[in-house]
Amino acid sequence: MHLTTDEERRALKTGFRVLVQHSGGLEAAAAASRLSKTHLAASYDQEAKDRFPALDVVADLERAAGQPVVTKLLAAMHGLALVHVEPIGGCAISAIASVGQNSSDVFAAFVRAVSDGVITEAERADLRQKMLDLVAVATEAAAILEGVKK
């Protein structure tokens with residue numbers, strides 16, 4: 001029993017054939033995966049109804065092709081679409097962590113200031129400076145994130 005339809009399984013085989021082509025053809029795909037040319041061809045043969053490539057083979061070939069051909073098909077079968085997400089680099093991670101640390105500093109200063117029920121002028125000045133520091137690092141982090149691909 002299959003939960004996928006015949007049409008979906010045919011589409012997956014066609015997608016795998018396209019993936020092999022995008023990987024440089026059977027010979028290049030065989031070199032990029034653990035399967036022989038014969039096994040790869042059998043995996044997209046529409047007559048071999050119960051023969052499909054293993055997930056690691058699909059992953060290897062999608063990486064070689066530079067595009068998630070079969071993964072897109074699988075997502076579409078579930079009513080989903082893939083979205084490219086650019087990883088945040090170390091500089092952005094550090095900047096965001098700095099925003100978190102400065103936010104924490106603001107709240108800690110506020111808790112200290114109100115703990116006795118009175119905010120002194122020195123506590124008010126300290127809290128104001130910590131807020132300005134937070135604005136500065138948040139502005140810097142926002143500028144760094146502006147460069148992250150959407």
Side-chain angles (χ1 to χ4, degrees), residues 1-5 7-37 39-40 43-44 51-150:
M1 176 179 138
H2 289 286
L3 296 179
T4 55
T5 66
E7 183 179 325
E8 288 172 325
R9 289 189 300 281
R10 282 193 302 275
L12 287 170
K13 283 185 169 280
T14 299
F16 187 68
R17 176 186 287 259
V18 169
L19 178 59
V20 168
Q21 291 168 346
H22 284 295
S23 299
L26 279 173
E27 193 156 325
S33 73
R34 64 179 173 79
L35 295 184
S36 67
K37 293 186 293 185
H39 282 91
L40 288 168
S43 294
Y44 61 67
R51 185 141 205 190
F52 289 88
L55 292 175
D56 67 311
V57 173
V58 171
D60 286 341
L61 296 184
E62 286 185 338
R63 190 161 286 163
Q67 51 188 304
V69 176
V70 174
T71 300
K72 281 182 184 177
L73 285 170
L74 290 169
M77 287 171 59
H78 294 282
L80 303 171
L82 300 182
V83 177
H84 178 77
V85 177
E86 188 71 27
I88 296 176
C91 186
I93 291 170
S94 177
I96 293 168
S98 185
V99 170
Q101 179 62 53
N102 279 268
S103 296
S104 178
D105 291 348
V106 168
F107 284 107
F110 177 71
V111 168
R112 281 191 306 274
V114 298
S115 65
D116 61 1
V118 178
I119 299 178
T120 67
E121 201 53 46
E123 290 169 331
R124 192 179 319 262
D126 182 50
L127 190 55
R128 182 178 184 283
Q129 185 58 53
K130 289 192 181 331
M131 288 178 163
L132 292 174
D133 292 345
L134 172 59
V135 169
V137 296
T139 301
E140 181 181 342
I144 290 169
L145 287 173
E146 185 66 28
V148 174
K149 185 177 179 181
K150 295 178 185 173

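What's counted below: heavy atoms across the whole structure, side chains too, no hydrogens, waters or symmetry copies.
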At their closest point, which heavy atom of [X] faces which heavy atom of [Y], and how far apart are they?
X	Y	result
L35	S43	CD1-OG, 4.3 Å
A28	S23	CB-O, 3.3 Å
Q67	L19	O-CD1, 4.1 Å
H22	V69	CD2-CG2, 4.1 Å
D60	A32	CB-O, 3.4 Å
A30	S36	CB-C, 4.2 Å

When rounded to the nearest 0.5 angstrom, what distance separates [atom1] in [X] from [atom2] in [Y]?
X	Y	atom1	atom2	result
E121	R128	CD	CZ	11.0 Å
L26	Q21	CG	CD	9.0 Å
H39	R51	NE2	CZ	4.5 Å
E7	L12	CD	CG	11.0 Å

Test item: [X] and [Y] side chains (from C-beta on) under 4.5 Å apart, heavy atoms:
X	Y	answer
L73	T14	no
V70	L61	no
I144	I96	no
V18	Y44	no

Of V106, N102, D126, the residue whose pairing with M131 passes side chain to side chain contact (heavy atoms under 4.5 Å, CB included):
V106

For E27, is the CD atom crowded, meaning more than 12 foreign heavy atoms sit under 6.0 Å from it?
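It does not: E27 CD has 12 such atoms or fewer within range.
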
Hey, is CG on L55 packed in by over 12 heavy atoms from elsewhere, all under 6.0 Å?
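Open.
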
Test: side chain to side chain donor-acceptor pair (under 3.5 Å). Region: residues 103-117. Which pairs qualify, not counting sequence neighbours?
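Qualifying pairs: Q101-D105.
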
For F52 and R9, run side chain to side chain contact (heavy atoms under 4.5 Å, CB included): C-alpha distance rounded to whole Å, both residues' side-chain angles, the deciding distance at 0.1 Å, then the answer.
CA-CA 9 Å; F52 289 88; R9 289 189 300 281; 3.7 Å; yes

Checking the side chain of E8 only, and the main-chain atoms of M77 only, is there a donor and an acceptor separated by less than 3.5 Å?
no

Does the pair V20 and F16 meet the rule for a side chain to side chain contact (heavy atoms under 4.5 Å, CB included), with working shown?
CA-CA 6 Å; V20 168; F16 187 68; 3.8 Å; yes

